[in-house]
Amino acid sequence: MIKYIVSVLFLVASSLADINSRYFPSNFKIGVANAAPQIEGAWNEDGKGETVWDHFAHTYPEKIVDGTGPDVASDSYHKYKEDVAMVKAMGLDYYRLSIAWSRILPTGYTDQVNQPGVDYYTNLFAELKANNIEPMVTLYHWDLPQPLEEELGGWLNEQTADLFAEFARLCYQLYGDDVKMWITINEPKQVCQSGYGTGILAPGIVSDGIGDYVCARNVILAHAKAYHIYDDEFRATQGGRVAMVIDTLWFEPGSDSEADKEAAERILQFSFGLYGNPIYIGDWPQVVIDRVAMRSTQEGYAQSRLPAFSAEEIDYIKGTYDYLALNHYTTHMVNATEETAIGTPGYGADISVREWQQPDWPPGAASWFSVVPWGLRNLLVWLKNTYGDIEIVITENGLSDTSGIMEDDHRIYYFQNYLSNCLDAIYEDGVNLSTYIAWSILDDWEWTGGFTSFLGMYSVNFTDPERTRTPRKSATFFTDIVKNRCLVDTCTE
Ligand SMILES: *[C@@H]1O[C@H](CO)[C@@H](O)[C@H](O)[C@H]1NC(C)=O
Ligand SMILES: *[C@@H]1O[C@H](CO)[C@@H](O)[C@H](O)[C@H]1NC(C)=O
Ligand SMILES: *[C@@H]1O[C@H](CO)[C@@H](O)[C@H](O)[C@H]1NC(C)=O
C-alpha cells in the first residue's frame, strides 16, 4: 500500500516535467466518439428494429452489472442537437458516431427501409454541417439486427457479410455527400472473441477457439466487401475514405529475454494482427496460422479451427484501407509461459502467454484496465514498424471510472499523458499519426457495465428523465487543449 501511495505521488510530481511541450502539428485533428447503441436510446421507437444488444440485455439482465438495457441510454435520439452543441463548444474537428443498422433496416435486409430512421441521421449530419463539425461514421458498432442472429446465426454465417455490404452501400448512397470518413466495423475482436467465443458480449454465443475464428473471417470479408463497394461505386464522386477500427492493448515484454519478447509479439499478432494482417499485409498472421493448426492437430481436429482464406480472398481483402484506425485503452505486461495443456480448445490457449499488470499502475474501472500512457507510444511505433508508414487515426482512447466524480483529475492526467505520448510518437519516432478521437464526450450505457462505468467528459444524470448533461473538469481541460493546440502552459513549435 505504501509503495502504491509513493508511486502515485511520484506520478503527480513528475507528470508536468514529462509532458511534451510541442504544439500539435497544424493539420492534426481532434475529436470525440460515441456509438448508437450506447447513447441513442429509443430502442424501439419510430420503427427501429431489435438488435442483438437489445435482445441480450432484455433476455439476460443478469449478464449486465446493474441489470440495465440500452432502452433510453443517454437519450441522444431526442437530444442530438444538444450533443452537437457540446462538441461545438469544445471546438472539435470530428464527431465520431455510428449508424444503427436496425434503425435504417429494421429486419437487417434491404426489403424495408425505415424512413424516420433515415431522417434521424440526415438531420444529425445537417446539424453537424451547420456547426462546421466533420462526421466520422461507423457502420457497425456491435448492433447486429436480431433477425440476422436468429435466422442466420449472425456473424457465423458468411451471408451476414453480404447483408452488411448492402447496408453499407445504402449508407454511402444516403449520406456520402456529408460523410467523408467511414469506418466499416468497430472492434472486430470484441464482436468475435467476446460475442462468439467467450460469449460475455452479445449475442452471447460460447464457442471459444472455433466460432470466434469463423466470425473473424466473416467480419473481415464484410469489411472488404463494404470497402470495395465504396471504391467501385462511390469514391470517384464522393472522395471519402474507409477503414476498419481494430482495438488492441499494448503488450510489453516482461523482460528482455527472447522468450518474453516472442510472447508479447505473439499476443499482438493474435490481437491486432488477426484482423490487421489480412488487410494491411495479406492473410492471417503466420504465427496464428501455425499455432492454431498445431493445437488443432493435437486436439484431434482433421483441419485447423482457423478457417483459411482462399488465394482470391487474400487478394480481395489485402489493401482494403485508406488509413489505419486504432482503439486503445491500456497495456498489459506479457511473459512466456508453458504451453497450455491440450484439452478444451480456446483462443487464450492458442496464444499461451501470461498477462499481468504492474501493481503500481493507477487503476481504471475494470480489472484489466490500468493507466499506462507510454504503452500507446510503444504501440504506435510497433504499428509503424509492422505495417509501414500508413496514416494512423486513433479512433478511441479514454479512461473509465466507477465513481463518476465531476472533479475528474485522473481523467485529465490520462488525456494529458496519453496525448503527450502521441506527440512523442509524432515528433520523436516519426509515426504518421494524423488524428486523435477521445472516448467519450458523454456518459453512456457501457454494454455489460450498464450505467456503472463512466467515461464521459460530460456526465449524464441517468435517473433524470431529461438525461441532463453536465461538464466535468476534464471537459474544460480538453477544450483548452483543442483551443491552445498544446498540453502545457507554454508550447514551442
Ligand atoms: C515475468 O518475467 C520476469 C523476468 O523473468 C520476472 O521477473 C517476473 O516475475 C515475471 N512475472 C510474472 C507475473 O510471471
Ligand atoms: C502519412 O499519411 C499521409 C496520408 O496517407 C501520406 O500522404 C503521407 O505521405 C504519410 N507520411 C509519411 C511520412 O509517410
Ligand atoms: C439527477 O436527477 C434526479 C431527478 O431529476 C435528481 O433528483 C438528482 O438530484 C439528480 N442528480 C444530480 C447529481 O444532479
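First listed ligand is number 1; within each ligand, the first listed atom is number 1. When a residue number appears, it is its place in the shown sequence, counting from 1. All values below were derived from every heavy atom in this structure, side-chain atoms included, with hydrogens, water molecules and symmetry-related copies excluded.
- The atoms of ligand 2 that sit less than 4.0 Å from any heavy atom of D389 are 14 (O).
- Relative orientation of the H328 and Y418 rings is tilted, given thresholds of 30° and 60° on the angle between their planes.
- Under 4.0 angstrom from ligand 2, the non-hydrogen atoms of N432 all belong to its side chain.
- Those atoms of ligand 1 with a heavy atom of W356 less than 4.0 angstrom away are 11 (N), 12 (C), 13 (C).
- A salt bridge links E391 to R241: one of the charged nitrogens lies within less than 4.0 Å of a carboxylate oxygen.
- D260 meets the salt bridge (Lys or Arg N to Asp or Glu O under 4.0 Å) test with no other residue; sequence neighbours excluded.
- At a heavy-atom distance under 4.0 Å, no atom of M333 approaches ligand 1.
- For the side chain to side chain contact (heavy atoms under 4.5 Å, CB included) with R377, the lone residue among I426, V431, D424 that qualifies is D424.
- Atom numbering of ligand 1 starts at 1 in the shown order; those under 4.0 Å from a heavy atom of S255 are 4 (C).
- Within 4.0 Å of ligand 3, protein heavy atoms belong to N461, T463, D464, listed by chain and number.
- Ring planes of Y387 and F272: tilted class, angle from 30 to 60°.
- Between W447 and W53, the angle of the ring planes lies from 30° to 60°, which puts this pair in the tilted group.
- In this pair, Y227 and H223 present their aromatic rings tilted. The plane angle is within the 30 to 60° band.
- Each of I441, D83, L97 was compared with V32 under the side chain to side chain contact (heavy atoms under 4.5 Å, CB included) criterion, and only I441 meets it.
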